[in-house]
J.: 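Provided herewith is a single structure, encoded as structure tokens, for subsequent inquiry.
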Amino acid sequence: MGWAIALHGGAGDIPLSLPADRRLPREAALHHCLEIGVAALKARRHPLDVVELVVRELENHPNFNAGKGSVLTSRGTVEMEACIMDGNSKKCGAVSGLTTVVNAISLARLVMDNTPHIYLGFDGAEAFAREQGVEIVDSSHFITPENIERLKQAKEADSVQIDYTQPIQKDEKSESPTGNEDSQIGTVGCVAVDKNGNLAAATSTGGFVNKMVGRIGDTPIIGAGTYANNLCAVSATGRGETIIRGTVSRDVAALMEYKGLSLKEAAAYVVECNPRGDVGLVAVSAKGEVTMPFNTTGMFRACATEDGCSEVAIWPSVQD
């Protein structure tokens, strides 16, 4: 048994031809956040603190669909959501509909720690944020030129786009993609276990490009996009409605608990049982195992274990 950590930056139809200027900043961010998480685990910080710390860093990176990089609703606004969960106690906190909170994951942690509830949304969550003194900015902080363009393209295509959706060519006169026409940003998440087997999971997102105002995805729903117990911790990414229907994160834990499957077997089974192109996840077990399966073209992901294993990848590798 030893510590382990895994994180993701979203899954979807990520082309092998992804330009370097889009790929390298994300890979660098994953490397950076992995190093932060590893250092925290080595310093014997609790996994709950580790996953919050790592997801905060990912939220602050504009190339991922969380925090600063959150995509826009059909009205051109942001509605961010996040969830955090402790494995041993099953304590958890979740938030939705945030428009001014810089780090949604930290507000979710405060819901867990400072309220008798699990889930706060919209005006109530915003009011709680102000009471707790978390960092708040004007909502315009989150509305980037890139995401305005993504919303424009989604509206023109009359579509709701998940993470890493390829541009839709409307007719033969369409020009080649400029690089800003698609939703090439992804939901973020992190799972961690320390050498004592303590587990935690955290996920944060801006949702779908062009989503309806008020839409809630899988990220803040316990057992769907985020889950942790005494066996494993899971953070999912992909098409939220599919992940909710499949109770993806909880199913991984249930297969381990009731069927005696290993972490890798359980995660692989759950991912393959869901529609192709819809689901990816990262997970760690109490034994220090890591798995990062997906049925999409690719998934931005990274992991490290105490025995020296380390990986940052996008597309399927040989061991996958």
Side-chain angles (χ1 to χ4, degrees), residues 6-34 57-58 61-72 144-189 205-211 235-240 242-243 268 271-272 274-282 291-303 310-320:
L7 52 143
H8 68 76
D13 186 13
I14 309 173
L16 292 171
S17 59
L18 187 68
D21 64 339
R22 301 181 73 88
R23 173 177 55 82
L24 295 177
R26 294 175 175 85
E27 289 180 331
L30 291 176
H31 275 287
H32 172 66
C33 292
L34 184 63
E57 285 292 316
L58 289 165
H61 197 284
N63 289 121
F64 294 113
N65 180 13
K68 175 64 175 174
S70 292
V71 296
L72 304 182
T144 65
E146 292 79 12
N147 282 339
I148 291 172
E149 181 63 22
R150 289 186 183 99
L151 177 60
K152 177 175 176 286
Q153 294 292 328
K155 282 182 174 292
E156 288 177 354
D158 192 24
S159 71
V160 177
Q161 298 179 348
I162 68 167
D163 298 342
Y164 304 104
T165 301
Q166 288 300 293
I168 298 172
Q169 299 293 345
K170 296 182 66 177
D171 53 50
E172 294 179 357
K173 297 179 181 179
S174 296
E175 297 179 357
S176 298
T178 64
N180 287 326
E181 297 178 10
D182 53 356
S183 56
Q184 292 292 325
I185 52 179
T187 295
V188 303
T205 189
F208 284 173
V209 181
N210 198 29
K211 67 181 180 181
S235 174
T237 181
R239 188 173 293 279
T242 295
I243 295 169
V271 168
E272 289 310 309
N274 280 278
R276 188 134 195 98
D278 279 8
V279 176
L281 64 84
V282 297
T291 191
M292 303 185 292
F294 52 95
N295 65 20
T296 54
T297 304
M299 179 173 73
F300 278 96
R301 64 199 190 277
C303 69
S310 183
E311 179 185 17
V312 174
I314 306 171
W315 298 284
S317 53
V318 175
Q319 58 266 38
D320 292 334

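Note that the structure is a prediction, hence the values are computed from the model and not measured.
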J.: Looking only at non-hydrogen atoms, find the nearest pair between Leu30 and Gly9 and report the distance.
T.: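 For Leu30 versus Gly9, the nearest heavy atoms are CD2-N, 4.4 Å.
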J.: Do Val282 and Met299 come close enough that some side-chain heavy atom pair is under 4.5 Å?
T.: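 Yes, side chains in contact.
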J.: Output the distance between atom CZ (Arg26) and atom CG (Leu58), rounded to the nearest 0.5 Å.
T.: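 Reported value, rounded in 0.5 Å steps: 12.0 Å.
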J.: Distance from Arg301 atom CZ to Thr291 atom OG1, nearest 0.5 Å?
T.: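 Atom-to-atom, Arg301:CZ and Thr291:OG1 are 10.0 Å apart.
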J.: Do Leu72 and Ile148 have side chains that approach each other closer than 4.5 Å (heavy atoms only, starting at C-beta)?
T.: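 Yes; the side chains approach each other to less than 4.5 Å.
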J.: Kindly give the heavy-atom pair with the smallest separation between Thr237 and Ala11, and that separation in Å.
T.: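 Reported closest heavy-atom pair: OG1-N, 3.5 Å.
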J.: Do Met292 and His8 have side-chain heavy atoms sitting under 4.5 Å apart?
T.: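 A side-chain contact under 4.5 Å is absent here.
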J.: Give a yes or no on whether the backbone of Gly207 and the side-chain of Asn65 come within a donor-acceptor separation of less than 3.5 Å.
T.: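 Yes; at least one donor-acceptor contact below 3.5 Å.
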J.: Between Gly238 and Phe208, what is the shortest heavy-atom contact and its length?
T.: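 Of all heavy-atom pairs spanning Gly238 and Phe208, the closest is O-CE2, 4.2 Å.
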J.: How long is the straight-line distance from CG of Leu16 back to CZ of Arg23, given to the nearest 0.5 Å?
T.: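 Separation between the atoms: 11.0 Å.
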J.: Can you tell me how far apart CH2 (Trp315) and CG (Leu18) are? Round to the nearest 0.5 Å.
T.: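 Reported value, rounded in 0.5 Å steps: 5.5 Å.
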J.: Looking at Ser70, is its backbone amide N or carbonyl O close enough to the side chain of Asn147 to form a donor-acceptor pair, meaning the two atoms are under 3.5 Å apart?
T.: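 Looks like yes, one N/O pair under 3.5 Å.
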J.: Rounded to the nearest 0.5 Å, what separates atom CD1 in Ile314 from atom OG1 in Thr297?
T.: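 Interatomic distance, Ile314 CD1 to Thr297 OG1, rounded to 0.5 Å: 12.0 Å.
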J.: Compare every heavy atom of Thr144 with every heavy atom of Lys68, then report the nearest pair and how far apart it is.
T.: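 In terms of heavy atoms, the two residues are closest at O-CG2, 3.9 Å.
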J.: Please report the shortest heavy-atom distance between Ser235 and Gly189, naming the atom on each side.
T.: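 Scanning both residues, the minimum pair turns out to be OG-CA, 3.4 Å.
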J.: Look at atom CG of Asp158 and say whether more than 12 heavy atoms of other residues, nucleotides or ligands are closer to it than 6.0 Å.
T.: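 Result for CG/Asp158: open.
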J.: Using the side-chain hydrogen bond (donor to acceptor under 3.5 Å, both in side chains) criterion, which residues pair with His31? Sequence neighbours excluded.
T.: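 Scan of His31 (side-chain hydrogen bond (donor to acceptor under 3.5 Å, both in side chains), adjacent residues dropped) gives none.
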J.: Could you tell me whether the side chain of Leu7 reaches within less than 4.5 Å of the side chain of Leu34, counting heavy atoms only?
T.: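 SC-SC contact between Leu34 and Leu7 confirmed.
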J.: Can you tell me how far apart CG (Asn274) and CZ (Phe294) are? Round to the nearest 0.5 Å.
T.: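 These two atoms lie 15.0 Å from each other.
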J.: Can you list the residues that meet the salt bridge (charged side-chain N to carboxylate O under 4.0 Å, His left out) rule with Lys155, with sequence neighbours excluded?
T.: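 Scan of Lys155 (salt bridge (charged side-chain N to carboxylate O under 4.0 Å, His left out), adjacent residues dropped) gives none.
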J.: Heavy-atom distance under 4.5 Å between the side chains of Thr296 and Ile14, does that happen here?
T.: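 Thr296 does not reach Ile14 side chain to side chain.
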J.: Are any non-hydrogen side-chain atoms of Glu57 and His61 less than 4.5 angstrom apart?
T.: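 With C-beta onward as the side chain, the pair stays apart.
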J.: Whether the side chain of Asn295 engages the backbone of Val279 through a donor-acceptor N/O pair (distance < 3.5 Å, no angle test) should be reported.
T.: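 Side chain of Asn295 to backbone of Val279, a donor-acceptor pair under 3.5 Å: yes, one is there.
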J.: Evaluate the criterion salt bridge (charged side-chain N to carboxylate O under 4.0 Å, His left out) for residue pair Glu146 and Arg150; output intermediate values, then yes/no.
T.: CA-CA 6 Å; Glu146 292 79 12; Arg150 289 186 183 99; 5.6 Å; no
J.: Give me the atom names and distance for the closest heavy-atom approach of Ser159 to Asn210.
T.: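 The pair with the smallest heavy-atom distance is O-ND2, 3.0 Å.
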